[in-house]
Amino acid sequence: MKNFKQYYPTTVDEAAKILKENPNDTYICAGGTDIIGVMKDFILPTYPTALVSLDRIPGLKEIKEEGGFLTIGAMVPLEDIATNDLIKSKYACLAEAAARTASPHLRESGTIGGNLCQMTRCWYFRHNNDQFHCLRKGGDTCYALTGDARFHSIFGLTKMCAAVNPSDTAPAMVVLDAKVVTNKREFGIEELWGFAVPGSTKLEHDEIITCFKIPAFSGKSCFYKAAIRKTIDFPIVNGACAITASGDVKICVNAVALSPHRCKEAEAVVKGQTITESLAEKAGDEAAKKATVIEGTGTTNEYKIQMMKGIIKKVVLGCK
Amino acid sequence: MTEKKNKKKSLGEISRREFLIDAGIVLGSTAAVGTAALASSCGGKTETVTSTVTKDGPSKTVTTTVTDVVEKLVPLSCTEDGQWVIDFKVNGKRFVEIVEPNETLHHLLHEKLGFKSIKTFCSRGGCGSCSVLIDGRPILSCMTFASSVHGKEIWTAEGIATEMPALIDAYVDNECMQCGYCTPGFIVTAAALLKRNSDPTTDEIREALAGNLCRCGTYPVHIPAVKEAAKALKGGR
Ligand SMILES: Cc1cc2nc3c(=O)[nH]c(=O)nc-3n(C[C@H](O)[C@H](O)[C@H](O)COP(=O)(O)OP(=O)(O)OC[C@H]3O[C@@H](n4cnc5c(N)ncnc54)[C@H](O)[C@@H]3O)c2cc1C
Ligand code: FES
Ligand code: FES
């Protein structure tokens, strides 16, 4: 790693001020498990000049239930979410998603905020020393489109970038209708992500997530992840489904598009129906109708469509 | 063995003293390091410890005057060069060190302080061989900044070996190492599990150790080893 300036502010305002005063190549550091990898491999075209750590800001590591919401601080480690009894019992898909993220060690330092804001894992983007100066780095080519895109997008190409969002907790947070609270505003979690250089979020440079608010949930929810190994590996496809007590259905899959993908067509199939095997299958089929394949040099990502159908079937049945 | 090395290398290994230091650490120094002088707020006995800062480039020598007064952490502080002065414990011993922002915890503990049990297979967070306990959590030292451990309590396999000999015995009895390179990482992770769960099931052990990779394939024998260690520890060993 090259050297850089490191800050340990003790309030969110102080952190935001540092970010504002350093507009170029300054990044927030939460658990560091993503950003340290980015820095070790010299992935970005210009090396980060400063990191602003949130580690010493009190109050960002709390999980509490109040005012009709479950509030999870941005700096809560994933392991604490995975093992929290309240989350396990009432927000099962989130506990399961956190439990299936990365490895036990990475879950101890990796935070929920970092997990939802991490950069893409596209192997062209992640190649060391910025060897592929792609769209997400300000270049003009998506190398996956003519190369090996076996893990890439099956839902269109946002601004022609085929990379996918790798977060495991994202689909669970989407189906639980989480709100993002930053130092500037509060908004629905689906508005968090988008095409950005080089990140995955639409946050402003000096915008810091302080917590996530999930409306009190009584109903059933389920998460499932397909990866090469059960531990350490990123999702090939993952997904979550939540059905509220009043019958509202939300289904979301991730690692299939630039941002987590809401499956509204599949939701419409399930809503108001008794869940059966064939209904769950139909939901998957419906979601796959708009999927597209990238044929790279000798590779294809077609199998991901089948995988997504299977995952939707599983998570819908899990809410039975 | 490591203890000897520590003595040589550490800037402020001061745990064996009967007292802890106050905010009064003075970093006077040779010309090579422009360090900020943190005001010594109280009087008392002082001691000078010398340490060598060897991160990237020529060694720099730093002389530290430690003023012993009351039990208090040296405050986390930044030098003019952007280095951090951190105060932390490893295996029960206290250290005060100057670290670079880009320095990993692995570099600090393994290269500077001589805790050689901590290994690196991948250096990218993917194998668990660099695991240490930080405030009871199994953490990857290759993916942690050294500056972030200020005020924290670290345990390495060296320390766990003296605190939990039953775990080491169980690992030896079950032949848990072939080349042995991954073993300290497994020990640290198993210790973290046993501290949280005194009677883990096979599945719980599998899950807890799933982030530790072993190229020699010793996986199956870790399960009886951890179970035996759990039994022995419950028996008061
Ligand atoms: C070997 C390996 C395997 C992994 N496997 C998985 C996996 O299976 N699934 C998965 O989802 N992830 C995986 N990860 C990625 C990563 O470890 C996790 O996503 C982790 O949760 C990231 O959290 P962090 O706190 O360490 O993030 P950091 O590295 O600290 O931050 C990540 C990004 O988010 C931004 N950020 C962090 N907090 C905030 C905030 N409060 N406000 C605004 N921006 C913020 C940072 O600026 C940075 O760009 C893996 C990583 C490794 C190294
Ligand atoms: S060396 Fe740290 S996880 Fe592999
Ligand atoms: S014993 Fe050789 S790597 Fe595990």
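None of the values given here were measured: they were computed from a predicted structure. Within every chain, numbering begins at 1; the chains are lettered A, B, ... in the order of the sequence lines, protein sequences first and strands thereafter.
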query = Does any heavy atom of chain A fall under 4.5 Å from the side chain of B:T144, the backbone, both, or neither of them?
reply = backbone

message = Check this for me: does any side-chain nitrogen of one of A:R126 and A:D34 sit under 4.0 Å from a carboxylate oxygen of the other?
response = yes

query = Yes or no on salt bridge (Lys or Arg N to Asp or Glu O under 4.0 Å) for B:R137 and B:E153, after CA distance, side-chain angles and deciding distance?
reply = CA-CA 10 Å; B:R137 292 174 182 266; B:E153 188 149 354; over 6 Å; no

Ring centre gap for A:W123 and A:F132 strictly below 6.0 Å = no

inquiry  = Under 4.5 Å from any heavy atom of chain A, what part of B:L213 do you find: side chain, backbone, both or neither?
reply    = side chain

ask   = Among B:S131, B:S147, B:C127, B:G128, which residue forms the greatest number of heavy-atom pairs with chain A at distances under 4.5 Å?
value = B:S147

note = chain A shares the most heavy-atom pairs under 4.5 Å, among B:P101, B:G151, B:G82, with B:P101

ask   = Quick one: of A:K5, A:K2, A:R56, who has the most non-hydrogen atom pairs under 4.5 Å with chain B?
value = A:R56

Residue part contacting chain A, namely of B:A208, when any heavy atom lies under 4.5 Å = backbone

query = Of the listed residues (A:L106, A:D55, A:T33, A:D41), which shares the most heavy-atom pairs with chain B below a 4.5 Å separation?
reply = A:D41

Proximal component of A:Y8, with respect to chain B [non-hydrogen, under 4.5 Å] = both

inquiry  = Heavy-atom cut-off 4.5 Å, strictly under: side chain, backbone, both or neither for B:R196 against chain A?
reply    = side chain

key: Test item: A:N183 side-chain N/O and A:I208 main-chain N/O as donor-acceptor pair under 3.5 Å   = yes

query = Which answer fits A:L51, side chain, backbone, both or neither, if we ask what part of it has an atom under 4.5 Å from a heavy atom of chain B?
reply = side chain

message = Check B:E207 with A:R107, please: is the shortest side-chain N to carboxylate O separation under 4.0 Å?
response = yes

query = Any sub-3.5 Å donor-acceptor pair from B:E204's side-chain atoms to B:T201's backbone N or O?
reply = yes

key: B:H107 and B:E111 side chains, donor-acceptor separation under 3.5 Å   = no

inquiry  = Whether A:K88 and A:E96 form a salt bridge (side-chain N of Lys/Arg under 4.0 Å from carboxylate O of Asp/Glu) is what I want to check.
reply    = no

task = Using modelled atom types only, decide if a donor and an acceptor are shared between the side chain of A:N128 and the backbone of A:F42 within a distance under 3.5 Å.
result = no

request  = Could you have a look at B:G125, B:A210, B:G126 and say which one has the most heavy-atom pairs with chain A under 4.5 angstrom?
outcome  = B:A210

note = Cut-off 4.5 Å, heavy atoms of chain B, and the answer for A:S109 is both

ask   = Quick one: what part of B:L76 sits under 4.5 Å from any heavy atom of chain A, side chain, backbone, both or neither?
value = side chain

task = Can you tell which part of A:K230 gets under 4.5 Å to a heavy atom of chain B, answering side chain, backbone, both or neither?
result = side chain

